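Below is one structure; the comments refer to it alone.
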Amino acid sequence: MSDKKHYFITTAIDYANSKPHIGHAYEKVTTDIIARYKRLKGFDVYFSTGTDEHSLNVMAKAKETGVDPKTYVDSMAVAFKDLCSQYKISITDFVQTSEERHAKAVSEIFRRSFESGDIYKGTYEGWYCKSCEAFYAQGELTEDNCCPTHKTQADLIKEDNYFLKITKYTDRLLKHIEDNPDFIQPETRKNEILAMLKSGFRDVSVSRPGLNWGIPLPVDHTQTVYVWFDALINYITAVGFATDEEKFKKYWPADAHIIGKDITKFHCIIWPIMLMSAGLALPKKVFGHGHLLYKGEKMSKTRGNIVDPINIANVFGVDVIRYYFAANITNGTDGEFSEESIILCFNTDLANDLGNLINRSINMVEKYCGAKVPEFFDHILDEKMKTIVEKAKQVKQVYFDRMDAFNLSGALDSAWELISMANKLIEDEAPWNLQKNNKVHELETVLYILLEVIRLASIVILPVMPDTAPQIWEKIGVNYDEKTINIDEELNFGKLIKGGAVSKGNPLFPRILDEKEAEKLKLMKEKQAKKA
RNA sequence: GGCGGUGUAGCUCAGUUGGUUAGAGCACUCGGUUCAUACCCGAGUUGUCGGGGGUUCGAAUCCCUCCGCCGCUACCA
């Protein structure tokens with residue numbers, strides 16, 4: 001097993017300041033889909049997520065709740081772990097930044113940077129609003145230096161901080177980004193980062209004075225490590241930096257950091273430079289995904305349109321939400337989210353296209369072939385059958401290419417194109433007529449193709465819908481297991497063995513009838529009644 | 001303000017290095033079919049490809065300009 005190729009993928013760690021919302025679920029799901037896919041491709045995958053727990057806000061929140069910070073963050077970590085388990089997120093690690101192993105990693109990174117002379121003591125000057133208890137950039141303030149929310153005068157405050165010499169490494173980073181076109185994705189995020197670097201990026205402070213919630217600086221115990229410097233290090237904590245050198249060697253550098261587009265600056269400038277300074281390799285890829293919009297609007301507390309991930313999964317099912325995320329949102333762009341569009345997506349893609357194809361195909365195999373996988377006679381293929389078989393043979397490569405590019409919706413399209421062709425093939429060949437006319441070879445071959453399309457589709461959706469795929473396997477009588485399946489082999493056409501038992505069972509995706517659907521159905525029935 | 005991006009059917013978007021009647025999915029209308037979850041299949045409607053100007057035999061595709069929208073513009077994650 002040790003000769004397996006390794007793959008280390010991460011989500012960002014979540015701020016332990018408020019409970020999980022649907023955006024957290026989105027990031028974890030897309031990352032999980034990639035992680036599962038890589039496992040299916042034979043990689044030894046390490047998949048980490050976690051919670052970011054050191055900050056003023058967390059302290060305040062704990063105080064508000066009446067518990068000490070550690071108790072508070074532990075309870076928040078549980079909430080995020082529950083989210084992972086509900087959404088079937090196949091993590092191998094969950095890092096809390098308040099853990100001892102993380103403190104070790106942070107201290108070690110700090111020490112290394114400090115020793116290479118990249119951390120120096122200086123003065124941080126910033127505009128501070130007493131009401132917000134926060135610093136603002138001058139550009140954020142009103143013209144007369146007032147806080148944008150409180151409209152009161154902000155104070156120019158100076159405090160002693162330790163700084164990281166970003167400026168020492170910007171040229172090197174610039175070159176790295178230009179030499180590695182896939183380092184920052186998508187392209188638009190890369191452009192932003194390049195612009196920032198070219199316009200000159202200041203050194204950043206990496207400590208705060210006088211806090212007792214945080215990791216003390218190894219070199220100055222009156223200061224703690226600033227949250228961002230602290231949080232980013234979680235990625236190497238996960239794979240054993242400063243605690244398990246063998247594990248670290250195995251998994252670092254990370255293959256992909258999947259993060260929200262709002263935090264690319266930290267991941268694409270500060271984090272790489274921290275690593276350079278500490279003499280560590282850079283992650284191979286940082287992918288900034290888009291945000292979910294609720295009916296076209298940003299989700300926010302003030303708008304009151306935050307979607308609860310637990311609730312929505314209970315209503316529609318985890319696999320359905322996972323499918324919706326992957327199929328309906330172009331990875332890397334903002335995505336629409338609403339109950340209506342979930343229902344639409346479910347009814348068209350899952351119920352009408354895939355679910356109905358499975359149901360009608362297996363039904364015919366039961367009726368016409370005694371519920372046994374029929375034989376494939378390749379010498380009687382007509383043009384239509386040939387076309388779909390050819391397409392089926394190409395699915396594997398198309399699917400791999402798109403998944404490798406993190407193009408999740410495109411990867412699913414590879415199966416849906418086939419599904420659509422299969423539904424069409426049924427019309428064109430009319431197996432019920434072949435049956436009447438006693439064209440047994442044609443009948444069997446058509447039905448065999450249909451079953452193969454279903455089987456291929458089930459593998460394509462496996463990383464996306466890990467609970468649904470096995471239900472399809474049961475219907476078509478294959479005994480795959482996500483842990484052992486060799487998809488490089490099984491994604492080829494023609495693997496289904498003649499004589500295997502199939503069984504229709506209950507429909508997988510019964511149509512969802514919301515008000516609009518019900519109305520539509522009613523109209524159809526009235527029309528039908530008139531005709532008769 | 002600066003930088004980047006974007007504006008194509010009702011909606012979401014594809015449109016390779018400029019080249020025949022501008023595409024897909026969804027939605028809508030009509031027709032067909034019956035194996036199926038009233039599903040599926042077929043046909044069809046809608047677009048001055050943001051406005052204007054230019055280059056060219058020819059531009060959604062290149063150039064200029066104007067308008068609209070979005071992102072970034074640095075320490076709350």
Side-chain angles (χ1 to χ4, degrees), chain A residues 12-18 51-58 60 124 126 132-140 161 163 166 187-196 198-206 208 226-229 231 260-266 269-270 290-291 296 328-330 333-336 341 344-345 347-368 409 413 416-417 420 422-435 446-447 450 504 506-513 516-517 520-525 527-528:
Chain A
I13 54 174
D14 300 312
Y15 195 35
N17 195 32
S18 53
T51 39
D52 177 10
E53 304 179 337
H54 294 307
S55 82
L56 274 169
N57 285 332
V58 167
Y124 179 76
C132 300
E133 294 187 52
F135 283 97
Y136 283 92
Q138 192 154 22
E140 291 176 296
N161 282 164
F163 285 82
I166 296 286
E187 199 75 14
T188 167
R189 301 278 91 81
K190 178 162 83 177
N191 291 342
E192 284 174 12
I193 295 299
L194 286 173
M196 269 184 239
K198 284 173 181 165
S199 72
F201 204 88
R202 290 199 297 272
D203 292 348
V204 294
S205 69
V206 296
R208 285 288 181 274
Y226 178 57
V227 279
W228 262 113
F229 192 87
K261 64 177 183 181
D262 51 324
I263 53 176
T264 45
K265 184 172 62 193
F266 301 94
I269 297 179
I270 299 177
H291 290 158
N328 239 263
I329 297 167
T330 303
T333 67
D334 287 351
E336 163 76 10
S341 58
L344 185 66
C345 164
N347 282 344
T348 56
D349 291 3
L350 297 177
N352 297 352
D353 291 347
L354 177 57
N356 188 43
L357 175 67
I358 293 172
N359 198 50
R360 65 197 303 211
S361 301
I362 299 181
N363 187 58
M364 287 188 280
V365 176
E366 288 188 347
K367 274 192 172 171
Y368 307 144
S409 53
D413 283 342
W416 258 259
E417 280 170 30
S420 166
N423 274 322
K424 195 172 312 206
L425 186 74
I426 297 176
E427 292 306 312
D428 291 341
E429 303 289 349
W432 47 95
N433 288 336
L434 297 174
Q435 158 78 4
V446 168
L447 295 184
L450 297 179
K504 185 171 67 153
N506 293 323
L508 266 182
F509 308 106
R511 281 175 72 85
I512 299 170
L513 292 184
K516 203 173 140 199
E517 283 285 320
K520 195 168 135 194
L521 187 60
K522 203 177 122 197
L523 287 173
M524 298 285 276
K525 277 184 175 161
K527 213 180 207 175
Q528 195 75 17

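Only a predicted model underlies this, so the values are computations on that prediction, with no experimental measurement involved. In what follows, chains carry the letters A, B, and so on, assigned in the order in which the sequence lines appear, proteins first and then strands, with residues in each chain numbered from 1.
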Give A/N359 one of three labels, base, sugar-phosphate or nothing, depending on what nucleic acid heavy atoms sit under 4.0 Å from its own.
-> base
Listed by chain and number, what are the salt bridge (charged side-chain N to carboxylate O under 4.0 Å, His left out) partners of A/D14, not counting sequence neighbours?
-> A/K28
For A/P431, which contact category applies under a 4.0 Å heavy-atom criterion: base, sugar-phosphate, or nothing?
-> nothing
Taking atom P in both B/G23 and B/G15, what distance in whole Å separates the two?
-> 16 Å
Going by atom types only, do A/T51 and A/Y15 share a side-chain donor-acceptor pair under 3.5 Å?
-> no
Phosphate contact (B/C72 OP1 or OP2) by A/K261 side-chain N/O below 4.0 Å | no
Assess whether one donor atom and one acceptor atom, taken from the side chain of A/E366 and the base of B/C35, lie less than 3.5 Å apart.
-> no
Using the test side-chain hydrogen bond (donor to acceptor under 3.5 Å, both in side chains), find all partners of A/D262 that sit at least two apart in sequence or belong to another chain.
-> A/H291
Spell out, as yes or no, whether a donor-acceptor pair under 3.5 Å connects the side chain of A/S361 to the backbone of A/I358.
-> no
Find the distance A/K198:NZ to B/G4:C1' and express it as a whole number of Å.
-> 12 Å
For A/G200, answer base if it contacts any base atom (sugar-phosphate contacts may also be present), sugar-phosphate if it contacts only those atoms, and nothing otherwise; contact means non-hydrogen atoms under 4.0 Å.
-> base
Are OP1 or OP2 of B/C76 and a side-chain N or O of A/N57 less than 4.0 angstrom apart?
-> no
Do any side-chain nitrogens or oxygens of A/W228 fall under 4.0 Å of OP1 or OP2 in B/A77?
-> yes
Among B/U34, B/A38, B/C40, the one nearest A/W432 by side-chain distance | B/U34
Give A/D428 one of three labels, base, sugar-phosphate or nothing, depending on what nucleic acid heavy atoms sit under 4.0 Å from its own.
-> nothing
So does A/K504 get a side-chain nitrogen or oxygen closer than 4.0 Å to the phosphate oxygens (OP1/OP2) of B/A36?
-> no
Charged N-O contact under 4.0 Å between A/K424 and A/E427 | no
Runs of at least three Watson-Crick or G-U pairs with RNA chain B, cut-off 3.5 Å = B:1-7 with B:67-73, B:10-13 with B:23-26, B:28-32 with B:40-44, B:50-54 with B:62-66
Reading nucleotides 8-13 of chain B 5' to 3', which nucleotides get B (base under 4.0 Å from a protein heavy atom), which S (sugar-phosphate only), which -?
-> ------
Residue list, side-chain hydrogen bond (donor to acceptor under 3.5 Å, both in side chains) with A/E417, at least two apart or on another chain = A/K391
Does B/C39 have OP1 or OP2 sitting under 4.0 Å from an N or O in the side chain of A/R360?
-> no
Tell me, please, which residues at least two apart from A/N423 pass side-chain hydrogen bond (donor to acceptor under 3.5 Å, both in side chains).
-> A/R360
Nearest-Å distance for atom pair CG/P, residues A/N423 and B/G25 | 13 Å
